[in-house]
Amino acid sequence: MFASNPFAELAAVIPPTAMQAYVVLMILLVVAGTILDMLHKKSAQYFFENARKAKKNATRTLGAGEKGALALKTVANEVLTSGEFANPKRRISHLFTMYGFIVFVVTTAILIFAYPTLEDPAPTILPLLWHLGAAMLCLGGYWFWFSIRVDVASEGVKWYQLNGRGDLFIIGLLGMATFALLWSFTLGVDTLNMLFFVLFVAFSTLLFGSVYWSKFAHMFFKPAAAFQKRIIKADGSRENMPAIYDLSDPDVQARFPDIPTYMGANPPNMGLGIKREPSSHF
């Protein structure tokens, strides 16, 4: 079961060209939805305008090597390991969901385009990865839905309450992965198997066709925003935020005479502030 290509079995009912056309259509829907999302929210325009403003306020110029190092740190931290999540549970859930989605989508495309029929047997590793990707999606997604999302202290949302457009993305993901597995597991059980396949296609269409209304497009902007955040810290522009000063520095006290007036010549360390308590939610 886990080593068999379910799409090759499906080729006896649906022509491989139809399955390939569907995949291409989903790709086009993602592209179109992302472009419409950018035009509607003007996110790309804001990003580039913000970058230009930050460059004008920069106190130093970054070289190509330094920018490359910051890009690698962004990929390693924010992209590959989701290091922006302080809560380890939320981070692990996100990683399972992200890598499960990537493995599932990539192996789906390979199985449909490279091994569409039983006459073209796929290497055993590909169906195994396809099932593993769907299982990882379910693990990360259901963990988020039933544990993290409904955490009363952080969200106060019941598991059965839907947040309209805000839940389109996760519902599409969970439905696609769940019914993909059920469809594969029930191969040979005609009526039930076809029902699960129809639901698999329906939720896949919901996921890729609702990009304009869901949170799908944010995955394309997240790495760019994280990289820009590192840039503004490194070049000193700080996105118009005030610099972090040493309050006991005489030069700082001369610049801001209210400091010694209200806090003394040697201001105490104000502590960790919001980071005093370890993150227990998002």
Side-chain angles (χ1 to χ4, degrees), residues 1-34 79-80 82 92-145 168-211 214 216-217 219-220:
M1 180 186 299
F2 293 106
S4 62
N5 177 4
F7 299 102
E9 303 281 349
L10 185 64
V13 180
I14 299 177
T17 52
M19 290 187 277
Q20 293 166 0
Y22 175 80
V23 173
V24 173
L25 176 61
M26 293 302 102
I27 295 173
L28 293 177
L29 286 176
V30 170
V31 173
T34 303
V79 178
L80 296 180
S82 300
I92 295 172
S93 168
H94 181 81
L95 288 173
F96 269 109
T97 305
M98 179 180 72
Y99 283 110
F101 176 77
I102 293 172
V103 172
F104 180 78
V105 169
V106 170
T107 52
T108 296
I110 294 174
L111 291 172
I112 289 177
F113 282 92
Y115 308 99
T117 65
L118 293 174
E119 285 71 31
D120 301 302
T124 304
I125 187 63
L126 288 175
L128 287 175
L129 286 174
W130 185 83
H131 288 89
L132 177 62
M136 290 172 64
L137 251 177
C138 288
L139 176 60
Y142 284 115
W143 187 356
F144 168 76
W145 186 272
L168 278 177
F169 182 55
I170 185 64
I171 289 174
L173 278 176
L174 289 175
M176 179 183 69
T178 300
F179 290 112
L181 289 174
L182 292 174
W183 166 56
S184 176
F185 294 162
T186 57
L187 283 173
V189 184
D190 295 338
T191 304
L192 189 60
N193 180 252
M194 187 51 63
L195 172 63
F196 289 145
F197 173 72
V198 170
L199 290 172
F200 166 42
V201 173
F203 277 97
S204 299
T205 306
L206 172 67
L207 173 64
F208 297 112
S210 64
V211 171
S214 74
F216 194 107
M219 69 175 64
F220 301 110

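One finds the CG atom of L128 at 8.5 Å from the CG atom of L132 (value rounded to the nearest 0.5 Å). Between the CD atom of E9 and the OG atom of S4 there is a distance of 6.0 Å, given to the nearest 0.5 Å. L168 CG to L206 CG: the interatomic distance, rounded to the nearest 0.5 Å, is 5.5 Å. Rounding to the nearest 0.5 Å gives a distance of 13.0 Å between CG of L192 and CZ of F185. To the nearest 0.5 Å, atom OG1 of residue T97 and atom CD1 of residue I102 are 11.0 Å apart. Expressed to the nearest 0.5 Å, how far CG of N5 lies from CG of L187 amounts to 10.0 Å.
The minimum heavy-atom distance between A122 and L111, with the atom names listed, is CB-CD2, 3.7 Å. Contact record, M176 with S204: CG-OG, 3.2 Å, taken as the closest heavy-atom pair. In plain terms, the two heavy atoms of I112 and Q20 that are nearest each other are O-NE2, 3.2 Å. What you find for L174 and L137 is that their closest heavy atoms are CD2-O, 4.2 Å. In terms of heavy atoms, H131 sits closest to S184 at NE2-OG, 2.6 Å. Minimum interatomic distance between L80 and Y99 (heavy atoms only, all atoms of both residues): O-OH, 2.6 Å.
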Residues F144, L173; criterion side chain to side chain contact (heavy atoms under 4.5 Å, CB included); working and verdict
CA-CA 12 Å; F144 168 76; L173 278 176; over 6 Å; no
Kindly determine whether L29 and V211 satisfy side chain to side chain contact (heavy atoms under 4.5 Å, CB included), including the steps that lead there.
CA-CA 8 Å; L29 286 176; V211 171; over 6 Å; no
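Every side chain to side chain donor-acceptor pair (under 3.5 Å) that T205 has, sequence neighbours left out, goes to Y22. Listed by chain and residue number, W130 satisfy the side chain to side chain donor-acceptor pair (under 3.5 Å) test with T108 (two or more places apart in sequence, or in another chain).
Contact check for F208 versus L25: no side-chain heavy atoms found under the 4.5 Å cut-off.
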Name the atoms and distances for all side-chain donor-acceptor pairs under 3.5 Å in residues 193-202, with sequence neighbours left out.
unit_1	atom_1	unit_2	atom_2	d
N193	ND2	W183	O	2.6
N193	ND2	T186	O	3.4
N193	ND2	T186	OG1	3.1

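Judged purely by atom type and a 3.5 angstrom limit, S93 uses its side chain to pair as donor or acceptor with the backbone of G140.
When each of P127, P123, P16 is tested with Y115 by the rule side-chain contact (heavy atoms from CB on, under 4.5 Å), just one qualifies, namely P123.
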